[in-house]
Student: 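One structure, pasted below without further comment.
If you read the sequence from its start, that first residue is 1, and numbering goes on from there.
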Amino acid sequence: MVCVMLTSTAALPIASVSGHVKLRAGKRRATWYAKWRDARAEQFERKLGAAWSEKGPPPPGFLREKEANAALQAILTDARRGATEQARTGLTMSVLAEDWIVYGIHERDWKPSTLSDNRSVVNAHINPTLGPRRPEKITAEQIEDWRDELVEERGVSRRTANKALIVLGAILERGRKHGLVTNAAREVPKLRDRYDPNDYDFFSPEEVEKLAAAAASKQDGAIYLVAAFTGLRMGELIALRWRDVDFDGESLHVYGSYSLGTLTAPKSGLARTVPMAEQVLATLKAHKRRVSD
């Protein structure tokens with residue numbers, strides 16, 4: 001049984017509590033969800049169970065419409081009681097985080113690289129400290145202490161700490177939308193992360209050309225030039241094909257990107273066209289002739 005965040009309704013009329021059930025189609029089966037609004041006008045959603053359309057009583061975990069409505073009425077009854085604490089169920093932060101990961105895989109269709117990055121943040125920065133804790137008991141002050149501890153005691157960069165805070169907020173926000181917890185991370189600001197261009201040493205065009213000339217192969221040199229003068233990401237470079245090179249239009253069409261060995265859409269989700277500098281155009285023409293001979 002999952003838990004629900006219940007808030008006091010002392011200053012609001014009981015009649016404001018309302019909700020309905022919704023049948024949502026999925027890749028494998030339809031699922032019943034309860035959606036409701038409490039006396040403070042906060043909206044919640046909870047997964048009730050898979051839809052049952054066969055004859056006879058539904059097996060455990062499956063619901064007909066009448067069972068879904070009965071579950072909704074139980075939720076609304078609890079909400080109208082104006083309870084002020086979340087029911088204890090054994091839910092931990094690590095369980096909530098794993099639910100968010102599964103949601104990202106199946107509902108958001110994360111790319112392999114996005115999944116890897118988010119799981120790494122959860123395993124490396126969230127679970128070691130916050131994982132065993134009950135999420136509804138985690139306060140904004142505790143989250144702020146955790147954020148600062150990442151930088152001051154564990155030595156991570158401010159940028160990494162801010163990324164961890166964003167991921168934590170996303171996990172708690174999903175729990176809030178399902179009526180499980182509040183999202184205390186929304187009250188915690190990100191650390192100021194100043195950008196200093198002096199911290200970066202960029203290659204000049206002449207240095208890029210020298211690097212390409214010193215590459216192990218002509219193809220490697222061409223890749224270096226394309227990367228430097230077009231700004232394509234590594235996965236986009238790997239996915240680039242001759243059919244994507246428009247010599248007449250002097251441009252490259254970016255249609256895909258390789259992410260951990262899987263061909264996916266570009267990071268934006270949309271194809272784009274990138275102009276070719278003179279160095280890139282000349283290099284790709286020469287490389288095209290070599291591979292065609």
Side-chain angles (χ1 to χ4, degrees), residues 101 104-125 155-167 170 190-191 193-293:
I101 293 289
I105 296 171
H106 297 292
E107 301 295 333
R108 301 291 295 173
D109 195 24
W110 284 346
K111 292 182 181 180
S113 58
T114 301
L115 171 61
S116 177
D117 288 346
N118 287 335
R119 191 179 287 282
S120 177
V121 170
V122 168
N123 291 339
H125 304 308
V156 307
S157 67
R158 285 172 167 255
R159 182 179 181 182
T160 299
N162 287 337
K163 174 64 181 296
L165 179 61
I166 291 171
V167 169
K190 292 190 293 185
L191 293 170
D193 186 19
R194 292 185 177 87
Y195 170 76
D196 186 352
N198 295 320
D199 291 338
Y200 300 89
D201 184 13
F202 298 102
F203 285 180
S204 68
E206 294 75 20
E207 289 173 325
V208 171
E209 291 176 355
K210 288 181 180 179
L211 176 65
S217 68
K218 294 292 185 180
Q219 178 170 298
D220 287 349
I223 291 175
Y224 295 160
L225 281 174
V226 173
F229 290 115
T230 66
L232 266 63
R233 301 176 178 88
M234 182 182 296
E236 295 170 341
L237 287 167
I238 297 173
L240 199 63
R241 298 293 181 265
W242 283 119
R243 61 178 177 270
D244 304 327
V245 182
D246 182 0
F247 287 110
D248 293 333
E250 300 184 359
S251 59
L252 298 175
H253 302 297
V254 183
Y255 294 118
S257 176
Y258 271 97
S259 175
L260 297 181
T262 301
L263 182 61
T264 66
K267 187 173 182 179
S268 65
L270 301 173
R272 70 183 190 279
T273 299
V274 180
M276 286 192 287
E278 292 181 5
Q279 299 95 321
V280 175
L281 180 62
T283 298
L284 289 184
K285 281 184 176 180
H287 188 55
K288 176 75 169 176
R289 288 194 295 269
R290 281 194 298 271
V291 298
S292 298
D293 291 342

Student: When rounded to the nearest 0.5 angstrom, what distance separates CG in L284 from CG in D246?
Tutor: 12.0 Å

Student: Minimum heavy-atom separation for R119 and I101, please, with both atom names.
Tutor: NH2-CG2, 3.0 Å

Student: Would you check if the side chain of D244 reaches a backbone N or O of R241 as a donor-acceptor pair within less than 3.5 Å?
Tutor: yes

Student: Which pair of heavy atoms, one from H287 and one from W242, lies closest together, and at what distance?
Tutor: CD2-CZ2, 3.7 Å

Student: Mind listing the closest non-hydrogen atom pair of G221 and A215 along with its distance?
Tutor: N-CB, 3.5 Å

Student: So do V254 and T230 actually touch side chain to side chain, heavy atoms under 4.5 Å?
Tutor: no

Student: State which residues pass side chain to side chain donor-acceptor pair (under 3.5 Å) with T283; sequence neighbours excluded, sorted by chain then number.
Tutor: none

Student: Does S257 reach the main-chain N or O of T264 with its side chain, forming a donor-acceptor pair under 3.5 Å?
Tutor: no

Student: Using the test side chain to side chain donor-acceptor pair (under 3.5 Å), find all partners of T273 that sit at least two apart in sequence or belong to another chain.
Tutor: H253

Student: Mind checking whether M276 and K285 have side chains closer than 4.5 Å, heavy atoms only?
Tutor: no

Student: Using side-chain contact (heavy atoms from CB on, under 4.5 Å) as the criterion, list what pairs up with T160, not counting sequence neighbours.
Tutor: H125, V156, S157

Student: So, taking the atom named OG in S217 and the one named CZ in R290, what distance separates them when rounded to the nearest 0.5 Å?
Tutor: 9.0 Å

Student: Measure across N162 and L191 and return the closest heavy-atom pair with its distance rounded to 0.1 Å.
Tutor: OD1-N, 2.7 Å

Student: Looking only at heavy atoms, which two atoms of A277 and F229 are closest? And how far apart?
Tutor: CB-CB, 4.2 Å

Student: Which pair of non-hydrogen atoms, one from E207 and one from S204, has the smallest distance, and what is that distance?
Tutor: OE1-N, 2.8 Å

Student: Measure the shortest side-chain to side-chain distance between K163 and N118 over non-hydrogen atoms and say whether it is less than 4.5 angstrom.
Tutor: yes

Student: About how many Å separate CD of Q219 and OH of Y224, when rounded to the nearest 0.5 Å?
Tutor: 11.0 Å

Student: Which value, rounded to the nearest 0.5 Å, describes the distance between I105 atom CD1 and T114 atom OG1?
Tutor: 11.5 Å

Student: For the atom pair CG (D109) and CG (L115), what is the distance rounded to the nearest 0.5 Å?
Tutor: 11.0 Å

Student: Kindly check if the number of other-residue, nucleotide or ligand heavy atoms within 6.0 Å of CZ (F203) is above 12?
Tutor: no

